[in-house]
2 protein chains.
Amino acid sequence: MEQRIEKIKKQLHSQSYKLTPQREATVRVLLEHEEDHLSAEDVYLLVKEKAPEIGLATVYRTLELLSELKVVDKINFGDGVSRYDLRKEGAEHFHHHLVCVECGSVEEIVEDLLTDVESQVEKDWGFQVKDHRLTFHGVCKKCQVETVKSS
Amino acid sequence: MEQRIEKIKKQLHSQSYKLTPQREATVRVLLEHEEDHLSAEDVYLLVKEKAPEIGLATVYRTLELLSELKVVDKINFGDGVSRYDLRKEGAEHFHHHLVCVECGSVEEIVEDLLTDVESQVEKDWGFQVKDHRLTFHGVCKKCQVETVKSS
DNA sequence: ATGATTGCAAAGTTTTTGCACTCTG
DNA sequence: CAGAGTGCAAAAACTTTGCAATCAT
């Protein structure tokens, strides 16, 4: 945890940004909820527990900044809100998501499944791929079981 | 064009919805701009040219309805707005997008590149895939050329 | 007539912005 | 002190909703 904060601090410094207490608190919340796909509001409420004086605008500004630095990725599952997801340690690409249409749960896939597909896109469309967003919509393991039960 | 409208009309009727003039005008705009990834506002302005009395709320309601019927897909490229994309004729899955980070252009890939990846997800994660969203971010052919020129 | 659909305006959400204040170096 | 960063409140941007009027069967 501390190491990852240290690393982010360096990333900020390298662009002459500071890791202020507010920014640090925000990053800590993200680290503690790495699997949770928090919205800006979610982050705000969680940060507020530790640092009640923080403003929502600061959270937005911080998330925006972290987004530029590629520390987090801003994602959107189609409900009205943006969600913010920490990049995995050393991950070069965005990870994938499995969104369950039954229960709304979101599972993460860290593996990069798209190496072959990316080569194909570069070859066949002449498009130089830098990153990707992949989300599958379907029925998660748990809900499949429950469907069987109830039928 | 007329055939596709006829088909959509049937889809609506099968769920006891009507193809009102407003809805038809909206569908026509979508058909005429199939490559354009229009926002609700875009659609509204274009429909207004032909049917000035239409309201923005109706456009939203129509797009919502078409979305439920899987006539269009609602997508989000990370700017604040939802965009609406007609499903291709006979396409079972959502098509993919190539978003250029230089010029912002959006290219479409109609082929389904994910058949293998989907099998893998079903096998390895026990997740029953129904649909997917795949967007590549990178540099399009045109901007690659221009980068070479200017360097 | 009855129920679906519409247009308008109002309200709701989420996000951004302006500005004075604070902090750090 | 200068510049970056902050909190607050106001504004903006996008979308949804309530309701009376309209339309189609």
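Protein chains get the first letters and strands the later ones, always in sequence-line order, with residue 1 at the start of each.
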Can you establish whether the number of heavy atoms outside A/K142 located under 6.0 Å from its atom NZ is more than 12?
no
Rounded to whole angstroms, how far apart are OH on B/Y44 and P on D/dC14?
14 Å
Between A/K7 and A/E2, does any side-chain N to carboxylate O distance fall below 4.0 Å?
no
Can you tell me which nucleotide in C/dG7, D/dT6, C/dT15 comes closest to the side chain of A/Y60?
C/dT15
Do the charged groups of A/R87 and A/D131 touch, with an N to O distance under 4.0 Å?
yes
C/dC8 P sits how many Å from B/I54 CD1, rounded?
10 Å
What's the NZ-P distance between A/K18 and D/dG5, to the nearest Å?
6 Å
A/D42-A/H37 side chain donor-acceptor pair, cut-off 3.5 Å:
no
C/dA4, OP1 or OP2 - any side-chain N/O from B/S16 closer than 4.0 Å?
no
Tell me whether the side-chain N/O atoms of B/T58 come closer than 4.0 Å to OP1 or OP2 in C/dT6.
no
Spacing of B/E64 atom CD relative to C/dT6 atom P, expressed in whole Å:
14 Å
To the nearest angstrom, how far is A/R83 atom CZ from C/dT14 atom C1'?
12 Å
Reading DNA chain C from 5' onward, which residue's closest nucleotide shows up sooner: B/L65 or A/G80?
B/L65
Would you indicate which nucleotide in D/dA9, D/dT6, C/dG7 comes nearest to any side-chain atom of B/Q22?
C/dG7
Decide whether A/E118 and A/H132 meet the rule of one side-chain donor and one side-chain acceptor closer than 3.5 Å.
yes
Calculate the interatomic distance between A/Y17 atom OH and D/dG3 atom P; express it in whole Å.
16 Å
Could you tell me how far apart A/L56 (CG) and C/dT14 (C1') are, to the nearest whole angstrom?
9 Å
If you look at every strand shown and take non-hydrogen atoms under 4.0 Å, does A/E53 touch a base, only sugar-phosphate, or nothing?
sugar-phosphate
Under 4.0 Å, heavy atoms only, any strand: does A/S39 hit a base, just the sugar-phosphate, or nothing?
nothing
Among D/dG7, C/dT6, D/dC14, find the nucleotide with the atom closest to the side chain of B/R23.
C/dT6
Length of the NZ-P vector between B/K48 and C/dT6, whole Å:
15 Å
Heavy atoms only, 4.0 Å cut-off, all strands: where does A/R61 land among base, sugar-phosphate and nothing?
base
With a 4.0 Å limit, can you tell me whether B/T20 has a side-chain N or O closer than that to the phosphate oxygens OP1/OP2 of D/dC23?
no
